Amino acid sequence: MSATTEVPSGGTPGPGPGSGSSLPPSPGSSPTSSPVPSPAAAPAGVLGVVGDGTDLRARSVRRWRRLRAPLAVVGALVVTGVVLALPQPRTSTVPLAPDNVEDGGGRAVAQVLGDRGVDVRYVRTTADALAVAAPGTTLLVTNDFLLAEDQVRAVAGSGADLVLLAPGFSLPLVTDALAPAFSGSAAPAERAAGCDDPDALAAGTVDAAGGVRATGTGDATVCFTDGGDDGGTWAVAHEDGHRVTVVGDAGLLSNARVDEAGHAALALRTLGRHDTLVWYVPSFDDTGVDPADEGGVGGSTDALLPPFVRLLVPLSVLVVAVAALWRVRRTGRLVTEPLPVVVRAGETVRGRGRLYRRGRAHGRAGAALRAGSASRCATRLGLPRTAAAPVVIDAVARATGREARAVEALLYGPPPRDDATLTRLATDLDDLESEVHRP
Amino acid sequence: MVLTGRAVLLAAAGVVALALVPSAGTVLVWAVLVALVCVVDALLAASPRRVAVHREVPASVRLSQSATCTLTVTNVGPRRLRGLVRDAWQPSAGAVVDRHRVDLPPGEGRRLRTVLVPTRRGDRRADLVTVRTVGPLGVAGRQASVPVPARLRVLPEFASRRHLPSRLARLRELDGRSAVQVRGAGTEFDSLREYVVGDDVRSIDWRATARRNDVVVRTWRPERDRRVLLVLDTSRTSAARVGDAPRLDAALEAALLLAALASRAGDRVELLAYDRRVRARVVGASGPRLMPALADALAGVEPTLVEADWPGAAAQVRERLSRRALVVLLTALEPAAVEAGLLAVVGPLAQRHQVVLASVADPEAEDLRRGRGDAAAVFDAAAAERAGLERAAVALRLRQRGVEVVDALPDDLAPALADRYLALKAAGRL
């Protein structure tokens with residue numbers, strides 16, 4: 001409950017004698033509020049305390065002293081982060097991606113191609129791939145697990161020279177002349193070119209598995225066969241005016257194996273035919289081909305969101321920061337006060353009980369229960385505190401009608417040995433006490 | 001500079017700008033804009049240091065009653081002051097609402113009332129008065145804390161005063177009894193009155209009867225102008241919690257009731273709060289000034305965690321009292337503490353004075369003693385039984401030295417001690 005009241009004006013006295021004198025009445029003011037005379041005219045003691053005794057300079061100095069250490073720490077963290085982040089090009093762990101420097105990555109090939117003047121464009125969606133791929137460019141598709149048939153058809157229809165790495169279901173959709181070859185043993189083996197394609201001849205030998213065979217229906221060249229039924233490692237076919245090159249063993253391009261045998265020559269010659277190489281690594285969040293769309297091709301899921309949604313993240317950071325600044329400032333400091341002791345008086349009794357239990361002092365505990373019980377019975381029967389045991393036993397036996405021997409066993413019997421006998425003794429003593437009434 | 005919830009809303013409104021111009025630069029521009037608006041608004045706010053603050057508090061209040069702290073805030077700056085004033089108090093001062101919204105044109109003042117319902121006895125201190133002003137937009141503002149010292153003395157509750165009327169009635173019954181029923185060394189002659197049927201014939205004053213035609217009996221009244229010294233033990237044993245409050249609080253209630261009763265009975269009451277040194281002392285106050293003096297002295301008495309110095313306390317008693325008096329020791333009947341200190345000095349004290357030891361018993365011990373739930377409860381019960389026997393043994397040793405012992409639960413101690421006082425008075429043993 002709180003009340004805010006106007007300070008009374010000249011005519012109306014304040015509710016209390018003390019409060020009324022706190023403000024000098026000023027004649028001629030409105031009845032609801034009273035302008036106080038100018039501060040210079042009023043004595044300081046009447047109006048009260050003004051300000052906290054600091055000036056701007058003192059406050060600035062104090063704030064600077066208080067803030068400089070945290071600011072230095074934050075500044076050092078920011079600078080360190082920037083310095084560490086700047087020279088480091090971004091890398092990924094996506095298999096056969098051109099920015100992956102691990103064994104399964106394709107950065108070695110991509111970098112050499114880039115050095116030789118080939119413009120390597122790394123894309124993750126069919127839409128992006130089609131945006132760049134055109135006749136006169138090379139389009140590398142690293143796998144087809146994540147592609148739908150529509151996407152494969154769209155890629156095949158781009159007009160670019162296709163390079164497919166270890167294709168599966170997609171190969172028949174792209175060309176009739178080649179087909180995947182499967183065999184039980186796909187172990188890499190040393191293979192010679194075995195054909196007259198200049199790229200294959202330049203490579204000489206490869207140490208790879210096969211994976212592609214000619215169907216015999218079209219114009220196709222299969223190289224690096226070893227005579228077995230797993231086909232060749234490398235094949236080229238021509239379809240509608242563009243080349244379709246199939247590399248049966250995708251590991252051939254990987255950072256780990258590209259420097260073996262003739263892999264490097266084969267990879268560079270295959271991918272470096274044109275000035276532009278579209279390096280397409282299919283991804284999960286590719287919405288693929290949207291038949292309703294005009295172009296027939298969708299983009300990534302991000303692209304479906306309105307353009308400003310991505311910017312909500314920095315904006316929410318701003319909002320959270322402002323909210324933090326709003327909540328962090330207290331309305332004045334916390335007020336402390338010394339508090340009284342909180343230990344309960346019964347703690348000593350409990351502590352002693354625990355000691356009895358830990359020491360398994362059944363005998364001592366039983367003796368205490370018996371002594372208390374006997375003393376209460378004796379008091380109730382009007383016996384003096386100094387009464388001897390036989391007198392107490394006799395009096396209790398007469399009061400309860402029990403046998404004197406039973407009462408003696410209960411009040412002065414052998415000490416209990418374990419928890420069960422102690423608990424029984426306690427309840428038996430309670431029963432006995434409840435039967436004792438003043439005679 | 002302080003921000004308000006509106007600043008957060010302003011920052012969040014950036015989503016509209018972002019929808020219109022979706023680019024990363026918009027966020028940056030918006031952040032700068034928000035910061036600019038906040039700074040300008042804070043600069044336009046009235047200075048929280050150009051406010052005159054005056055605090056008025058009643059000198060004292062009884063525990064469990066409410067007091068009103070009046071804060072007079074005057075705007076001595078040139079700008080209109082909008083914002084919040086916090087009247088900070090220690091938590092146990094029990095400020096119900098300590099934040100007040102204010103809107104003051106230049107030169108005007110307001111009274112802000114903070115209702116305090118103290119939850120603890122003693123001196124409750126006010127802390128800084130914090131003034132937070134907000135700018136014209138209400139987005140940001142400034143804040144300053146002004147030291148305006150104030151103190152509210154919270155007096156003991158004296159809940160036991162509800163027992164006072166019944167004890168005063170019994171005190172009046174003691175008045176005017178005939179001498180035979182109240183025979184003792186301390187009874188004093190009061191007046192003569194006519195014989196009525198039922199009066200003891202032995203109380204007839206024959207000399208007065210001879211002077212008049214009626215039969216006249218002497219009446220007596222309880223002794224007056226005895227001295228009662230209340231010795232309050234504030235050592236470690238008084239700090240333990242019994243129920244919800246320290247043992248000392250129950251002792252205080254008993255002391256206040258006894259003091260009220262004894263002062264009405266015409267005795268002179270003094271009080272001494274002692275552990276290793278004198279914590280509070282009330283001497284020479286009588287009549288209507290006694291109870292306020294006691295309440296004021298006892299308001300600030302807190303238990304200290306030291307062992308009681310009973311020889312020192314006995315020396316204080318000897319210093320204060322020359323002739324026989326009633327000495328009431330308000331302490332705890334802790335076997336170890338009593339045997340170590342009190343037992344040695346109480347014998348000589350009891351020979352010179354009538355000594356009553358009032359002790360606050362622990363209701364929890366009785367609950368523990370009845371525990372039969374499992375083996376652990378039975379062990380606790382045995383420990384409680386043993387503690388009870390030791391208390392009884394110590395009480396017996398005290399009684400053997402001539403000390404009256406009153407051992408009662410916290411709520412019963414005050415009436416029990418008052419009853420013991422009345423019994424002693426009726427028996428003329430003061």
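Everything numeric in this text was worked out from a predicted model, so none of it was measured. Letters go in sequence order (proteins before strands), and every chain restarts at 1.
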Gap separating the [atom1] atom of [X] from the [atom2] atom of [Y], nearest 0.5 angstrom:
X: A:Leu339; Y: B:Gln90; atom1: CG; atom2: CD; result: 9.5 Å
X: A:Asp430; Y: B:Arg370; atom1: CG; atom2: CZ; result: 8.5 Å
X: B:Trp30; Y: A:Leu311; atom1: CH2; atom2: CG; result: 14.5 Å
X: B:Cys38; Y: A:Leu325; atom1: SG; atom2: CG; result: 9.0 Å

Taking C-beta and beyond as the side chain, do [X] and [Y] meet within less than 4.5 Å on heavy atoms?
X: A:Arg329; Y: B:Arg132; answer: yes
X: B:His54; Y: A:Val49; answer: no
X: B:Arg86; Y: A:Arg330; answer: no
X: A:Arg354; Y: B:Phe379; answer: no
X: B:Val27; Y: A:Pro314; answer: yes

Which heavy-atom pair separates [X] from [Y] by the least distance, and what is that distance?
X: B:Ala382; Y: A:Ala368; result: O-CB, 3.5 Å
X: B:Ala12; Y: A:Leu315; result: O-CD2, 4.4 Å
X: B:Ala375; Y: A:Thr423; result: CA-OG1, 4.2 Å
X: A:Arg357; Y: B:Ala376; result: NH1-CB, 3.4 Å
X: B:Ala387; Y: A:Val349; result: CB-CG2, 4.2 Å

Indicate yes or no: does [X] engage [Y] in a salt bridge with an N to O separation below 4.0 Å.
X: B:Arg241; Y: A:Glu347; value: no
X: B:Arg125; Y: A:Glu337; value: no
X: A:Arg352; Y: B:Glu390; value: yes
X: B:Glu364; Y: A:Arg350; value: yes

Proximal component of [X], with respect to chain A [non-hydrogen, under 4.5 Å]:
X: B:Val51; answer: backbone
X: B:Pro91; answer: both
X: B:Arg55; answer: neither

One option among A:Val322, A:Val319, A:Thr331 has the most heavy-atom pairs under 4.5 Å with chain B, and it is A:Thr331
For chain B, which of A:Thr348, A:Val343, A:Thr54 has the most heavy-atom pairs under 4.5 Å?
-> A:Val343
Does atom CZ of B:Arg6 have more than 12 heavy-atom neighbours from other groups under 6.0 Å away?
-> no
Ignoring hydrogens and geometry, is there a side-chain-to-backbone donor-acceptor pair from B:Asp362 to A:Gly346 under 3.5 Å?
-> yes
